[in-house]
Participant: 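Take a look at this one; I'll ask things after.
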2 protein chains.
Amino acid sequence: MRKFEDSLPLQLLKAREASMALFRPLLQDNNVTEQQWRVLRALKAFDELESKQLAEHCCILSPSLTGIIKRLEQQGYIKRKKSDEDQRRTLLSLTDKALDLFERLSPDVETQYQAFTKLYGEEKLEQLTKLLKELAELKV
Amino acid sequence: MRKFEDSLPLQLLKAREASMALFRPLLQDNNVTEQQWRVLRALKAFDELESKQLAEHCCILSPSLTGIIKRLEQQGYIKRKKSDEDQRRTLLSLTDKALDLFERLSPDVETQYQAFTKLYGEEKLEQLTKLLKELAELKV
DNA sequence: ATGAATTAGTTTAGATATTAAGAATAAACA
DNA sequence: TGTTTATTCTTAATATCTAAACTAATTCAT
């Protein structure tokens, strides 16, 4: 069997930890968890999403999302409404408070990203992105 | 700010999900969680480890490891003993039952890895591994 | 030698992951 | 039309993550 350190899932996990180390302090200062931030970013990108779509975009399972949405709603960052056509579906979108949060955080996030890109190398980042995308799209 | 889908941490997360999809069924059939499997593999690679070293190798924080070790011990997969020189340290190692588990699982794990390597491409896998390693070692 | 830092490991509290099962609504279909 | 089947979302149970505080054992400077 493959050597422990050569395990691809482990390598991906460690790389992810390293990349998140850049942003974790920023999020923590604003009392937003990593998953909450992922949800907020997805909603900002798509304006309005159903819970199921949101789960797919964020790579979060529905049961987890139920709780995350509940807490984000309590904190006033997102609002929900029932779909008119299909009463099973819930439509989610950002509040103004969430947009304000983006205004506050974006500059620092961008700064961190720039610093990282410079440190790691722009071409290498592009290569990596390409390889990761192909891996993620692999249907096994 | 960077587009949602271009987020590196998200890309790494999705790639990891894709790669774990190969092995999750195997682990589930044997009632071992992903994290437990990581711990077992690390102990197999290093024979004997302290809790703290184990945490670093597996990318698991100490508080999580406390519970994981407790359950693995209850299941009879690992044994612990106190260090003689330093009573704070705990030394961990595998039991015969764990070694049996490896005997049973290794062939299937290997098969899955081969299939994946062939599907994704050996050179690409090497490239990816290299890029991930450099990323993980980046001191930010 | 002794009291202040350090260190390994645990506990706690709240949030999330994972699987399975349940509730409500909608679609399919005899 | 009435029943089955599918889909969306939630609940439940257990395991893990994350940050912070805590205990016990060791080290270190004075």
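In what follows, chains are A, B, ... by sequence order, proteins preceding strands, each numbered from 1.
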Participant: Working to the nearest 0.5 Å, report the span between OH of B:Tyr77 and CZ of B:Arg71.
Facilitator: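 Interatomic distance, B:Tyr77 OH to B:Arg71 CZ, rounded to 0.5 Å: 14.5 Å.
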Participant: Take A:Arg24 and A:Ile69, find for each the nucleotide of DNA chain D with the closest heavy atom, and name the residue whose nucleotide sits nearer the 5' end.
Facilitator: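 The 5'-side residue here is A:Ile69.
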Participant: Starting the side chain at C-beta, find the nucleotide from D:dT26, D:dC9, D:dA12 nearest to B:Gln87.
Facilitator: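 Comparing D:dT26, D:dC9, D:dA12 against the side chain of B:Gln87, the answer is D:dT26.
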Participant: Would you kindly give the CZ-to-C1' distance between B:Arg71 and D:dT16, to the nearest whole Å?
Facilitator: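 Those two atoms, CZ and C1', are 7 Å apart.
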Participant: CG of A:Leu65 versus C1' of D:dC9: gap in Å, rounded?
Facilitator: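 Interatomic distance, CG of A:Leu65 to C1' of D:dC9: 10 Å.
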Participant: Given D:dT10, C:dT16, D:dC17, identify the nucleotide with an atom nearest to the side chain of B:Ile60.
Facilitator: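 Closest nucleotide among those given: D:dC17.
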Participant: Which is true for A:Gln53 with a 4.0 Å heavy-atom rule: it touches a base, it touches only sugar-phosphate, or it touches nothing?
Facilitator: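 Result for A:Gln53 = nothing.
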Participant: Assess whether one donor atom and one acceptor atom, taken from the side chain of B:Arg88 and the base of C:dT7, lie less than 3.5 Å apart.
Facilitator: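 Present.
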Participant: Of all the choices, C:dT16, D:dA25, D:dT18, which nucleotide is nearest to the side chain of A:Glu17 once you look at every atom?
Facilitator: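 Nearest listed nucleotide: D:dT18.
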Participant: Considering just the side-chain nitrogens and oxygens of B:Ser64, establish if one lies under 4.0 Å of OP1 or OP2 belonging to D:dT16.
Facilitator: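 No.
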Participant: B:Ser62 near the nucleic acid: base, sugar-phosphate alone, or nothing, with a heavy-atom cut-off under 4.0 Å?
Facilitator: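 Base contact.
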Participant: A:Gln35 or B:Thr90: which one's nearest nucleotide on DNA chain C is closer to the 5' end?
Facilitator: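 Checking each residue's closest nucleotide, the 5'-ward one belongs to B:Thr90.
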Participant: Could you state the atom-to-atom distance from CD of B:Gln74 to C1' of D:dT14 in whole Å?
Facilitator: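 The answer, rounded to whole Å, is 13 Å.
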Participant: Using a cut-off of 4.0 Å on non-hydrogen atoms, how would the nucleic acid contact of B:Ile68 be classed: base, sugar-phosphate, or nothing?
Facilitator: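 Sugar-phosphate, no base atom in range.
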Participant: Mind calculating the distance between CG (A:Leu61) and C1' (D:dC9) to the nearest angstrom?
Facilitator: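 Nearest whole value for this atom pair: 13 Å.
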Participant: Can you label the angle between the A:Tyr113 ring and the A:Phe116 ring as parallel, tilted or perpendicular, going by 30° and 60°?
Facilitator: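 It falls in the perpendicular class, over 60°.
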Participant: Nearest-nucleotide wise, let me know which of B:Asp86 and A:Lys82 is further upstream toward the 5' end of DNA chain D.
Facilitator: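 Nearest-nucleotide comparison on DNA chain D picks A:Lys82.
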Participant: Quickly work out the A:Leu27 CG to D:dC17 P distance and round it to whole Å.
Facilitator: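 Rounded to whole Å, this separation is 19 Å.
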Participant: Is a side-chain donor-acceptor pair under 3.5 Å present for B:Gln114 with B:Glu110?
Facilitator: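 Side chains of B:Glu110 and B:Gln114: pair found under 3.5 Å.
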Participant: Rounded to whole angstrom units, what separation is found between the NZ atom of B:Lys52 and the P atom of D:dA25?
Facilitator: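 Going from NZ in B:Lys52 over to P in D:dA25 covers 19 Å.
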Participant: If you compare every side-chain N and O of A:Thr66 against the phosphate oxygens of D:dT11 (OP1, OP2), does one of them come in below 4.0 Å?
Facilitator: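 False: A:Thr66 side-chain N/O out of range (4.0 Å or more) of D:dT11 OP1/OP2.
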Participant: Starting at NZ of B:Lys70 and ending at P of C:dT12, how long is that distance when rounded to a whole Å?
Facilitator: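 About 10 Å, once rounded to whole Å.
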Participant: Quick one: which of D:dA19, D:dT16, C:dG9 gets closest to the side chain of A:Gln28?
Facilitator: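 Among the listed nucleotides, the one closest to the side chain of A:Gln28 is D:dA19.
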Participant: Taking B:Ser51 for its side chain and B:Thr90 for its backbone only, find out whether a donor-acceptor pair lies under 3.5 Å.
Facilitator: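 Such a contact is absent between B:Ser51 side chain and B:Thr90 backbone.
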Participant: Is there, by distance only and without an angle test, a donor paired with an acceptor across the side chain of A:Arg89 and the base of D:dT8 below 3.5 Å?
Facilitator: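 Result: no qualifying N/O pair found.
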Participant: Any side-chain to backbone donor/acceptor pair from A:Lys97 onto A:Gln75? Under 3.5 Å, distance only.
Facilitator: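 Yes, A:Lys97 side chain to A:Gln75 backbone: donor-acceptor pair under 3.5 Å.
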Participant: Between D:dT8 and A:Arg80, is there an OP1 or OP2 to side-chain N/O distance shorter than 4.0 Å?
Facilitator: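 For D:dT8, OP1/OP2 do not have a side-chain N/O of A:Arg80 under 4.0 Å.
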Participant: Looking at the side chain of A:Pro63, which of C:dA15, D:dT8, D:dA12 is the nearest nucleotide?
Facilitator: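 Nearest listed nucleotide: D:dA12.
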Participant: Taking CD from A:Glu50 and C1' from D:dC9, how many angstroms apart are they, rounded to a whole number?
Facilitator: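 Spelled out: CD on A:Glu50 to C1' on D:dC9 is 11 Å.
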Participant: I need the A:Arg38 CZ to A:Leu43 CG distance, nearest 0.5 Å.
Facilitator: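 Rounded to the nearest 0.5 Å, the CZ-CG separation comes to 13.0 Å.
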